[in-house]
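Shown next, in structure tokens, is the structure this report addresses.
No experiment lies behind these values; they were computed from the predicted model shown. Counting starts at 1 for both ligands and their atoms, in listed order.
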Amino acid sequence: MTKHELLHAHLETLMQGGIGPDQRLPPERELAEAFGVSRMTVRHALDRLERERRVYRVQGAGTFVARPPIAKTIELTSFTEDMRRRGLVPGSVLRVFETVAAGPEIGYALALSPADEVVHVERVRTADGIPMCLEHAYLPAALVPGLTTLEGSLYEQLHRRYRIRITRAEQSIRATVLDQQAAARLDAPPFSPALLVERTAFDERDRPVERAMSTYRGDRYSFEIAVTTAAAGSPARAGRRSGDE
Ligand code: 16G
């Protein structure tokens, strides 16, 4: 190993072990002496770590270990997890549970033919007993044989009973207003503002397993998405959805 490589390996070890986030690395001079390299070499090594956003410099104070990113992408959660994380008790009122033909749009999203059967579940999702969201979920009937009703978390059931684990989703969010029926279900005035989130969820084998439309009351729910510059390694990281309680 060259001196340069030794220095790099040493810095890696320091950051993974001994020195935690927001703690200071040894001064440049000390590192240069310990490894028998010039201060310029030490600076180059630190520059590289700074570009990778693994350390940051504070003028006059030194070089500090950066906090790791919270998560790489907007996190995929179920309604149940989302509410629990915020200390709210998730609940559901089942309105519809039926098996119907997919039709062209749902069929397209789930890679089925329009005549193939899907299970349609309509639920009012509550947080601490208060209606928060109206959800329509469609699942290929062939993937969930014997499912005749739904209690509790859909994603937990899919996992426990059918070994289906949702690992990624394609999602769009747009503004809308509540029609008469959705307003009645959500205990809100007709035509009040809402957020419509449409999701196609995929399992570990990348099969589309759910197409869902979730309509959130605009006055009770907001999405929080942390964004960062591309230089940080990923265009968008860490998201947490939050409701307005
Ligand atoms: C989320 C999903 C919805 C899914 C549900 C499962 C969005 C926009 N929608 O609400 O597609 O069906 O979670 O929740 O994130 P559950 O496991 O609590 O039933």
Side-chain angles (χ1 to χ4, degrees), residues 71 73-100 102 105-112 118-141 143-144 147-176 178 182 185-186 193-204 206-226 236 238-245:
T73 55
I74 299 166
E75 240 181 301
L76 191 151
T77 53
S78 68
F79 184 86
T80 301
E81 289 169 320
D82 195 12
M83 293 305 124
R84 280 190 188 142
R85 279 182 196 186
R86 285 186 278 128
L88 304 170
V89 180
S92 283
V93 180
L94 183 66
R95 307 298 310 222
V96 175
F97 188 103
E98 61 183 358
T99 302
V100 291
E105 280 162 36
I106 304 292
Y108 180 77
L110 292 175
L112 299 173
V118 289
V119 168
H120 168 217
V121 184
E122 181 188 338
R123 292 179 293 171
V124 176
R125 311 305 309 264
T126 59
D128 283 351
I130 298 169
M132 182 81 118
C133 158
L134 179 66
E135 214 156 58
H136 289 268
Y138 298 85
L139 314 156
L143 289 184
V144 288
L147 191 67
T148 49
T149 188
L150 184 62
E151 266 178 48
S153 164
L154 171 64
Y155 284 7
E156 274 170 29
Q157 283 249 6
L158 285 179
H159 187 46
R160 254 205 325 261
R161 195 162 163 191
Y162 300 101
R163 299 274 157 245
I164 293 175
R165 211 159 64 84
I166 309 276
T167 52
R168 81 176 180 91
E170 283 166 13
Q171 214 163 276
S172 75
I173 306 174
R174 64 191 159 89
T176 185
L178 298 175
R185 300 256 210 258
L186 289 174
L195 283 170
L196 173 65
V197 186
E198 294 177 291
R199 168 183 282 194
T200 306
F202 300 82
D203 70 358
E204 283 159 310
D206 224 28
R207 293 179 300 184
V209 296
E210 182 199 31
R211 175 71 180 161
M213 294 86 175
S214 308
T215 308
Y216 295 87
R217 278 184 61 145
D219 58 343
R220 296 212 174 131
Y221 204 84
S222 69
F223 273 79
E224 275 175 29
I225 300 168
R240 200 177 67 80
R241 285 176 295 170
S242 74
D244 300 326
E245 282 98 50

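Ligand-side atoms of ligand 1 in range of T80: 16 (P), 18 (O), range being under 4.0 angstrom from any heavy atom. Residue V197 approaches ligand 1 through these ligand atoms, each under 4.0 Å from one of its heavy atoms: 8 (C). Ligand 1 places these atoms under 4.0 Å from at least one heavy atom of Y155: 3 (C), 4 (C), 6 (C), 11 (O), 12 (O), 17 (O). For ligand 1, the atoms lying closer than 4.0 Å to a non-hydrogen atom of A212 are 11 (O). Listed by atom number, the atoms of ligand 1 under 4.0 Å from R125 heavy atoms are 14 (O), 16 (P), 18 (O), 19 (O). Which parts of ligand 1 touch L154 is read off a 4.0 Å heavy-atom cut-off, strictly below it: atoms 12 (O), 16 (P), 17 (O), 19 (O).
Under a 4.0 Å heavy-atom criterion, R123 is in contact with ligand 1. Under a 4.0 angstrom heavy-atom cut-off, Y216 registers as being in contact with ligand 1.
In this structure, the salt bridge (Lys or Arg N to Asp or Glu O under 4.0 Å) partners of R84, at least two apart in sequence or on a different chain, are E156.
Looking at T167, its side chain does come within 3.5 Å of a backbone N or O of D203 through a donor-acceptor pair.
Between M83 and R125 there is no side-chain heavy-atom pair separated by less than 4.5 Å. Side-chain contact between E198 and R174 is present, with at least one heavy-atom pair separated by less than 4.5 Å.
The distance from atom CZ of R211 to atom NE2 of H120, rounded to the nearest 0.5 Å, is 13.0 Å. To the nearest 0.5 Å, atom CZ of residue R199 and atom CD1 of residue I173 are 10.0 Å apart. Going from atom CZ of R165 over to atom OH of Y155 covers 13.0 Å, rounded to the nearest 0.5 Å. A distance of 5.0 Å separates CZ of R207 from CG of L143, quoted to the nearest 0.5 Å.
Of the candidates E210, Q171, R211, it is E210 that places a heavy atom closest to atom 11 (O) of ligand 1.
Using a 4.0 Å cut-off between heavy atoms, S78 contacts ligand 1 through both its backbone and its side chain. Using a 4.0 Å cut-off between heavy atoms, S214 contacts ligand 1 through its side chain alone, with no backbone atom that close.
Of the N or O atoms in S153, one or more lie within a sub-3.5 Å distance of an N or O in ligand 1.
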